[in-house]
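Just below is one structure, and these are the notes that go with it.
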Amino acid sequence: MTAHDNASRQVPVVDCALYEYGRRRPGRLPLDAAMEAARTTPGAFVWIGLHAPTADQLQAVARAFALHPLAVEDALNAHQRPKLERYDDTLFLVLRTAVYLEHEQLTPTTDIVGTGEIMAFAGRDFIVVVRHDPSEPLTGVRSRLEADPERLAHGPAAVLHAIADSVVDQYLDVVTALEADAEVIENDAFSPDAGHDIGRIYQLKRELVELRRVIAPLAQPLRDLAERRVPGVDKELAAYFRDVADHRAQAADRVTALTELVDNALSMALAQTSVQQNHDMRRISAAAALIAIPVAVAGVYGMNFEHMPELRWLFGYPAMLIATVTLVTVVYRVFRRKRWL
């Protein structure tokens, strides 16, 4: 067994198949056999799916298909920005995926959106797809395309469209789920305990910002594909890419609207917190005023002077108590009328 064969066997291939005029050749082919068949069979291309390969594993595929080292480096290093680049006759598309993380209750530390990456190398007779978690498996995409050989006959560009379409559909699903969370946040913003929701609101805002970073940069790559600025995209596929671009724009618009709603909810919660603090300060001030009256009277009568008005008067002490209670009662009613208490 040669070193090339050994490296091919070690590559974490999810699936490797040869397609002739849109129809899959039966069985799953070894990497080297699929590559050779794609180059020698008219109207054929090979579709290879990889999941989180190591540097050595991806290099084996890169050598087989002469992939550009800069693109290979990007495919190995996750957290890339969505983009479309051209290296000679090979396209390199980076997609950021998004999944909604189910949770029983939204808290200030709840992770709501998980993001992953899909990188695709598309040439004349091959497409290599590298997937990084937490992105959904592409087995469903492959199955749907295999059930539509007419579209799959368009070659690797058809696979690019199907993957991009699946990823953008996931964006819409995530946004729909986030809208439900935002509705709960908006309803709670008017509750008496709205101040306790500030952490939850801010966490949701952070997740929306992260989702916007995933969706927004994809606009230009989809526009390039829809307007056929890159090779391999025919007129029919361009229409499909325009549809994907439209769905991405819908997702971006909904994220923008959600962000504004959450911003308003955050402003409302902060305003209500400020109002509640002012109300509490009024209560504290009113209580201090009520306490100040008997303290002042007691302070005056507690001074050690020999000559004070009514100091030796028989009814001085009861009169002082009655006057104190009367003053406190009057002040209390004034504060109640002003709703400070």
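Only this structure's heavy atoms are used, side chains among them; waters, hydrogens and symmetry mates stay out. Just so we're clear, the structure is a prediction, and the values are computed from it rather than from any experiment.
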What are the two closest non-hydrogen atoms of [X] and [Y], and how far apart are they?
X    : Y    : value
C16  : R24  : O-NH2, 4.3 Å
L204 : A182 : CD2-CA, 3.8 Å
A62  : V72  : CB-CG2, 3.6 Å
A44  : L18  : CB-CD1, 4.0 Å
A98  : V174 : O-CG2, 3.6 Å
P231 : L91  : O-CD1, 3.6 Å

Classify the side-chain pair [X]/[Y] by whether it contains a donor and acceptor separated by less than 3.5 Å.
X    : Y    : value
Q250 : D246 : yes
E102 : Y100 : no
Q203 : R200 : no
E179 : T176 : no

Is there a side-chain contact between [X] and [Y] in this structure, where contact means two heavy atoms from C-beta onward sitting under 4.5 Å apart?
X    : Y    : answer
D263 : K205 : yes
V214 : P82  : no
E146 : Y19  : yes
F92  : V94  : yes
T54  : L76  : no
Y240 : V244 : no
H68  : T90  : no
L50  : I48  : yes

Rounded at 0.5 Å granularity, tell me how far [atom1] in [X] sits from [atom2] in [Y].
X    : Y    : atom1 : atom2 : answer
H161 : L145 : NE2   : CG    : 9.0 Å
F241 : R228 : CZ    : CZ    : 12.0 Å
E20  : L152 : CD    : CG    : 11.5 Å
R131 : I118 : CZ    : CD1   : 7.0 Å
E207 : T259 : CD    : OG1   : 11.5 Å
L222 : L93  : CG    : CG    : 7.5 Å

Is [Y] paired with [X] through a side-chain N to carboxylate O contact shorter than 4.0 Å?
X    : Y    : value
R142 : D15  : yes
K83  : D74  : yes
R96  : E210 : yes

* Step by step, work out the side-chain contact (heavy atoms from CB on, under 4.5 Å) result for V262 and I185. => CA-CA 8 Å; V262 173; I185 289 293; 5.6 Å; no

Under 4.5 Å between side-chain heavy atoms, hopping through other hydrophobics if needed: is there a path connecting [X] to [Y]?
X    : Y    : answer
L70  : L58  : yes
L237 : V230 : yes
I163 : L172 : no
V175 : L261 : no

* To do: Show your reasoning for whether side-chain contact (heavy atoms from CB on, under 4.5 Å) applies to Y171 and V255.
  => CA-CA 10 Å; Y171 293 163; V255 169; over 6 Å; no

Has [X] got a side-chain atom pairing as donor or acceptor with [Y]'s backbone, closer than 3.5 angstrom?
X    : Y    : result
T97  : G116 : yes
H132 : P53  : no
R86  : D88  : yes
T107 : T110 : yes

Around atom [atom1] of [X], are there more than 12 heavy atoms from other residues, nucleotides or ligands closer than 6.0 Å?
X    : atom1 : value
D89  : CG    : no
R206 : CZ    : no
R39  : CZ    : yes

* Give the C-alpha distance, both sets of side-chain angles, the deciding distance and a yes or no for side-chain contact (heavy atoms from CB on, under 4.5 Å) between V61 and F121. => CA-CA 11 Å; V61 178; F121 301 85; over 6 Å; no

* To do: For Q220 and D224, run side-chain hydrogen bond (donor to acceptor under 3.5 Å, both in side chains): C-alpha distance rounded to whole Å, both residues' side-chain angles, the deciding distance at 0.1 Å, then the answer.
  => CA-CA 6 Å; Q220 187 59 47; D224 290 342; 2.8 Å; yes

* Looking at the rings of F126 and F65, which for Trp means the six-membered one, are their centres under 6.0 Å apart? ->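 When the ring centroids of F126 and F65 are compared, they turn out to be within the sub-6.0 Å range.
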
* Full working for side-chain contact (heavy atoms from CB on, under 4.5 Å) between L178 and V113 -> CA-CA 9 Å; L178 289 175; V113 179; 4.0 Å; yes

